[in-house]
Amino acid sequence: VATPSGSVQVAGVEASRLSVQGSLALPWESSHPQPVPVQGERVFFAFGDHLYELGWLSTPEAAPTVAAAFSHLLASLQLP
């Protein structure tokens, strides 16, 4: 399930954010995969003639660490 979660500045432009929650059947190569809860975020923005999508997806336990690293990436990203 993806839900809008506001906006953020990326490389000097406004980007739309989506929060993502759900489950993935893992391990993928198994004949009996089990559902694993996941959460993440997607960020979309236009820059020049291009549309960009950045995102992350992890288990709920790792999400705070991954979200913090992603926020740092967004704050420091520079495009030509």
Side-chain angles (χ1 to χ4, degrees):
V1 175
T3 56
S5 59
S7 63
V8 63
Q9 287 289 311
V10 178
V13 298
E14 187 169 339
S16 298
R17 295 178 105 149
L18 287 177
S19 293
V20 180
Q21 292 185 333
S23 64
L24 291 176
L26 297 174
W28 301 24
E29 68 279 355
S30 172
S31 59
H32 300 290
Q34 299 297 313
V36 174
V38 293
Q39 66 185 68
E41 182 177 17
R42 291 288 181 264
V43 174
F44 302 89
F45 64 98
F47 189 85
D49 292 337
H50 302 283
L51 177 65
Y52 293 88
E53 176 184 358
L54 303 173
W56 63 271
L57 191 66
S58 76
T59 62
E61 296 81 15
T65 302
V66 178
F70 187 68
S71 291
H72 179 71
L73 170 102
L74 295 179
S76 62
L77 183 66
Q78 295 181 11
L79 297 174

Would you say that Q9 contacts E14 through its side chain, given a criterion of any heavy-atom pair below 4.5 Å between the two side chains?
yes
What are the two closest non-hydrogen atoms of P27 and P33, and how far apart are they?
O-CB, 3.6 Å
Shortest non-hydrogen pair, Q39 vs A63, comes out as NE2-CB, 3.3 Å
Minimum heavy-atom separation for P60 to P64, with atom names?
O-CD, 3.6 Å
The test is side chain to side chain contact (heavy atoms under 4.5 Å, CB included); show your working for L18 and F44 and say whether it passes.
CA-CA 8 Å; L18 287 177; F44 302 89; 3.6 Å; yes
Under 3.5 Å, side-chain donor or acceptor atoms of residues 70-80 against the rest of the protein: list the pairs with distances, not counting sequence neighbours.
unit_1	atom_1	unit_2	atom_2	d
S71	OG	A67	O	3.1
S76	OG	H72	O	2.9
S76	OG	L73	O	3.4

Any side-chain heavy-atom pair from L54 and F45 closer than 4.5 angstrom?
yes
Note: A15 and V10 closest approach over all heavy atoms is CB-CG2, 3.8 Å
Any pair counted as side-chain hydrogen bond (donor to acceptor under 3.5 Å, both in side chains), so long as it reaches residues 19-30, sequence neighbours left out
S5-S19
Not counting sequence neighbours, list each pair that qualifies as a side-chain hydrogen bond (donor to acceptor under 3.5 Å, both in side chains) and has a residue in residues 56-69.
E41-W56, T59-E61
Cluster overlap V43 with V66, hydrophobic side-chain contacts below 4.5 Å
yes
